Amino acid sequence: MLTPDLHVNVGSLRLANPVIAASGTFGYGLDLDDFCPPEKLGGVVTKGLSPRPREGAPMPRIAETPSGMLNAIGLENIGVDVFCRDKLPALRERRAVVIVNVFGESAADYVRVIEHCESEAGIAGYELNVSCPNVSAGGIQFGHDPRTLEELTARCRVVTARPLWVKLSPNAPDLVGTARAAAAGGADAVSLVNTILGMAIDPLRRLPELARTFGGLSGPAILPIALRMVYEVHLALPELPVVGLGGIESGLDVVRFLLAGATAVQVGTATFRRPGVMLEILAELAAYCRDQGVERVATLTGALEARDA
Amino acid sequence: MVTRSDLAATLAQRSRLTPTCYSVRFAFDAAIPTAVPGQFVMLRPEQGDRPFWGRAYSIAGTGASDTQPTMELMIKTVGPGTALWEQLPLGTRARIVGPLGVGFPCLPAPRSVALVAGGIGLPPLLFAAHRLAGTDARCDLYLGAATAAELIEPQRCRAAAEATGGQLFPVTDDGTAGEAGLVTEALQHRLAEGRRYTAIWACGPMPMLRAATQVGERWDVPVHVALEERMACGVGVCLGCIIPTSDGAHIRTCSEGPVVDGSLIDWETAC
């Protein structure tokens, strides 16, 4: 029986399979080890790390919505120092592919996080978070304006030779423009999409559900939007590897993103519901390849058929 | 050692407890890890994504029927998510992630413990009384509710307390059963009468947990409280269930809790 080859190359980064844990849904890599060992995945993206620890947003931070959820966690994190000291050694020992999600309130902050990580072995690459909708400074302000984004990416590019991904905002007015700017700044790949800005209201109390009023929508509710965006960016910039995410819950969802043009995918919110879901997704992906006679999963990228007009 | 699992189970039994609360018993396909009273599970139907999240329920007890391990949960209906298992037919397949979080400090067993339950806060304390029945611990169970009709399983609670050599103290806000007043006031009265405890374990609404912590401080008895908070994952990664602590930081209810030393909580902010 065919054993499909699941490996993919996101630019220069070779992954054993295309399923990566998304930032903010898998802790610092080993938090869900009992459900999903990180070394079984294509990679793990850490919770967004800033130069110093962050307390995050006030409560309530999360709200349930139809086929999804809103979050406004506010990038609570332990800071890059503590991550490198307390979390990274165990991940390194496990040979997990670790992608550090980088967050800052200024361009200097982003550079500082990367520089701190550069002296550490066991980090496969970086993902710049320029699309978090839940912080008052930084993040999204870099993700909406192509020129600012290109500058930020270029500043990070000069301090590392490691793979550099930029996680784009679906809330940006010009998605392809921001993808092009990331590439121009030297990004090796773009991750899309981050959460979509949304809101929930408690009608009985006449209050926003979230303390921050707005939050990021995730889950299957956003899958069609994410798929369309991956498709658009891949069509416009076929040479730029795209890491697709947004509501993926099954192996078939992974295939959908690959066909739309993604080279790899990230799974996020599904892990909240089923902490071992990524292992199930990998099994489903392998089964799809066997059933469909797909020898190499990498050949699925952009392999969408054209509809007859 | 952490032994959390995503377990397959079937809704096997259901019974009404009060006009707003019901009990469900799930039968598992395979062996389940041993749970500590105070630990919880994330429950969701195997099919469908409405509601989108699983729901966190404290374990009311574990057992076995035929060869299958079982688990009892008690649910108060407050919205569509909590109403779900009241409506789904027996035999519905479920996924149960657990046991999760930190439970009550059962080992070593406390010599004499006041179990203080407010409303649907009962399950972990009933579980604790059953678990401690095999030890030297004596458990008094303070069972509070708004009215007599809202008291959950008073006979069963009495039997559970008496099996440890302890007593049941029913308390209702309106005095329609047991003592009139708050369950923490009843605890305070017993202490003032000279009854002594080496531990107070409480579960219920936040103001009740704060009051229980204050009673413990007054009588120099360590208090552990089982907290409740909205959570998406229950396994420590969504960061949606934080509770402020008195040192200005916060904890995740699901992972550092739900059972914590009451003196660690910043009650002013949390309530």
Side-chain angles (χ1 to χ4, degrees), chain A residues 21-36 47-48 53-78 134 202 204 209-211 215 217-221 247 249 268-277 279-280, chain B residues 1-8 33 41-56 78-82 84 94-100 206 227 229-245 247-255 266 269-271:
Chain A
S23 182
T25 62
F26 205 65
Y28 298 101
L30 283 166
D31 299 59
L32 298 180
D33 194 25
D34 40 349
F35 296 103
C36 186
K47 178 104 185 87
R54 289 175 61 96
E55 275 289 307
M59 291 281 277
R61 295 173 159 189
I62 54 174
E64 194 175 36
T65 60
S67 297
M69 62 176 282
L70 289 165
N71 87 79
I73 305 300
L75 277 162
E76 174 183 340
N77 78 92
I78 57 176
N134 301 323
D202 178 340
L204 298 180
E209 293 255 15
L210 299 176
L217 181 65
S218 64
E249 296 215 307
T269 300
T271 296
F272 291 163
R273 277 151 53 79
R274 294 145 67 194
V277 73
L279 300 183
E280 296 170 38
Chain B
M1 153 109 181
V2 181
T3 49
R4 308 181 295 185
S5 305
D6 189 347
L7 304 154
V41 296
M42 293 297 283
L43 168 68
R44 64 175 198 275
E46 190 174 69
Q47 301 294 327
D49 69 355
R50 261 182 185 246
F52 186 64
W53 295 328
R55 287 291 185 275
V78 293
T82 43
L84 192 67
R95 300 295 301 200
I96 294 179
V97 179
L100 301 173
M206 280 301 222
L227 302 164
E229 191 44 80
R230 180 192 295 190
M231 45 183 81
C233 75
V235 291
V237 291
C238 80
L239 306 185
C241 67
I242 59 158
I243 302 250
T245 48
D247 61 359
H250 56 247
I251 54 165
R252 297 167 296 178
T253 303
C254 71
S255 299
D266 171 6
T269 314
C271 282

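The model shown is predicted, which means the values in this text are computed figures rather than measured ones. Note on naming: letters A, B, ... go to the chains in the order of the sequence lines (proteins, then strands), and numbering restarts at 1 for each one. Values reported hereafter were calculated over all heavy atoms of this structure, with side chains retained and with hydrogens, waters and symmetry mates removed.
- With a 4.5 angstrom heavy-atom cutoff, A/Thr269 touches chain B only via side-chain atoms.
- Chain A is approached within less than 4.5 Å, heavy atom to heavy atom, by B/Gly48, B/Asp49, B/Arg50, B/Pro51, B/Phe52, B/Trp53, B/Arg55 from residues 47-56 of chain B, ordered by number.
- The OG atom of B/Ser255 sits 8.0 Å away from atom CG of A/Asp31, with the distance rounded to the nearest 0.5 Å.
- Expressed to the nearest 0.5 Å, how far CE of A/Met59 lies from OG1 of B/Thr269 amounts to 12.5 Å.
- Ranked by heavy-atom pairs shorter than 4.5 Å toward chain B, the options A/Gly24, A/Pro60, A/Ser67, A/Gly27 are led by A/Ser67.
- Remark: B/Arg252 does not engage A/Glu76 in a salt bridge, criterion side-chain N to carboxylate O under 4.0 Å.
- Contact annotation for A/Ala63: both backbone and side-chain heavy atoms come within less than 4.5 Å of a heavy atom of chain B.
- Between the side chain of A/Arg61 and the backbone N or O of B/Leu239, at least one donor-acceptor pair lies under 3.5 Å.
- To the nearest 0.5 Å, the span separating CZ on B/Arg44 from CZ on A/Arg273 amounts to 6.5 Å.
- What you find for A/Ile62 and B/Arg230 is that their closest heavy atoms are O-NH1, 2.5 Å.
- With a 4.5 Å cut-off on non-hydrogen atoms, A/Phe26 touches chain B through its backbone but not through its side chain.
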Query raised in the report: Should B/Arg4 and A/Leu32 be marked as a side-chain contact (heavy atoms from CB on, under 4.5 Å) after you check the CA-CA gap, both sets of side-chain angles, and the distance that decides it?
Result: CA-CA 9 Å; B/Arg4 308 181 295 185; A/Leu32 298 180; 3.8 Å; yes
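- Residue B/Val235 touches chain A through both its backbone and its side chain, counting heavy-atom pairs closer than 4.5 Å.
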